[in-house]
Amino acid sequence: MDILFLGTGGAWGVPEVNCECLICREMRKRGEKRERTAILLSGETNLLIDCGPDTRSQLLRNRVDRIDGVLISHEHGDHYMGMDELFAYKRNSPKGTWRPVPVYLTPETWEVVSPRFAYLEQMDVIQSHLIEPGKWFTHEEFEVFPFRTEHGAFAKGSVGVAIRSKDRQGREKSLVYTSDFMNLPEVPSEMVGPDYLIIQSFWLNEPMHNRPHHMSFQRAIRFIELLKPKEETFLVHIGDADSVPGDPANRNAKKYEPKDPLRPLSGGDPYPIPLNQEQWQQTVDRIVLDRGLPYKVTVAYDDLCVRI
Ligand SMILES: [Zn+2]
Ligand SMILES: [Zn+2]
């Protein structure tokens with residue numbers, strides 16, 4: 001199984017349109033970007049998890065020549081607005097061979113997605129499959145267990161997934177993908193102790209008011225400790241909404257003041273807010289080391305491919 005991180009950014013991507021904050025300026029200077037978060041799992045077949053507005057460039061860039069299934073975690077635009085791109089696979093299939101792509105999502109999510117994309121089903125581009133939190137389903141070689149996540153009132157059917165599949169040696173491997181969330185209403189045993197964990201890290205520090213119901217790295221530490229991934233944790237859905245000391249853009253609506261910013265356990269100043277990929281990884285490494293966490297935590301970046 002390969003895990004390809006097609007995008008690792010928050011809902012508006014980084015750098016963001018019309019933003020001159022220090023994070024966006026630094027990313028532009030370095031030529032770095034984070035497109036909307038999506039991952040492609042592949043082995044004999046593949047499964048695309050989330051399908052946002054950057055899907056076209058993500059699939060083109062990575063020369064993805066087939067999509068065998070799609071899972072939509074929740075109803076927010078950054079997770080489904082790219083579904084029209086699936087049409088290209090039908091258009092470019094040999095005449096008479098096409099089979100609709102199964103799209104897995106909860107009934108609540110389909111209720112929001114279908115007024116926009118039901119025509120894809122009518123034209124046999126996709127076929128919707130309703131999934132239920134707490135119930136395993138199978139997509140080709142992937143065993144999938146959806147679990148409920150709390151992501152606010154406008155994402156009622158939001159789910160994460162635990163997935164089992166085989167590695168290159170044929171051994172079973174498991175992975176948990178949380179998507180956007182702030183809390184887990186329950187922690188079913190199926191999601192504890194995966195080999196890999198992919199978790200949202202929208203801010204470094206938990207903000208004073210977490211109104212958008214997202215996960216900060218500060219809060220994610222608790223979930224990493226709770227879920228105990230055995231091999232590696234990947235951070236995704238990274239934004240630019242941390243306030244950076246001294247940045248005039250801190251007055252902008254999207255910037256959040258931290259509640260009690262992460263700082264070394266020995267005291268002293270908070271960890272600096274990372275402005276780019278390298279700084280993100282350095283900061284996360286320091287925090288993991290300072291706290292003696294027995295976990296490998298990797299800050300994912302666009303087009304990172306992990307071969308398992
Ligand atoms: Zn999102
Ligand atoms: Zn969301």
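Note that the numbering runs from 1 along the sequence shown for the chain. As the structure lists them, so they are numbered: ligands from 1, and atoms in each ligand from 1.
- No side-chain N or O of Ser42 forms a donor-acceptor pair with one of Asp2 less than 3.5 Å apart.
- In summary, of the residues considered (His214, His237, His79), a ring-ring contact (aromatic ring centres under 6.0 Å, His included) with His151 occurs for His214 alone.
- Asp247 contributes no side-chain N or O that, together with a main-chain N or O of Val244, makes up a donor-acceptor pair within less than 3.5 Å.
- Residue contacts to the Zn ion (ligand 1): His237 brings an N, O or S atom closer than 2.8 Å.
- Between Tyr271 and Asp290, the side chains place a donor N or O and an acceptor N or O closer than 3.5 Å (distance only, hydrogens not considered).
- In summary, an N, O or S atom of His76 is located under 2.8 Å from the Zn ion (ligand 2).
- The Zn ion (ligand 2) is closest to atom OD2 of Asp180 (considering only N, O or S atoms).
- No close placement of the His213 and Phe181 rings is indicated, their centers lying 6.0 Å or farther apart.
- Within Asp78, the N, O or S atom lying nearest to the Zn ion (ligand 1) carries the name OD2.
- Taking 2.8 Å as the threshold, His74 counts as a candidate ligand of the Zn ion (ligand 2), since one of its N, O or S atoms lies below it.
- At a threshold of 2.8 Å, the Zn ion (ligand 2) has no backbone or side-chain N, O or S atom of His213 nearer than that distance.
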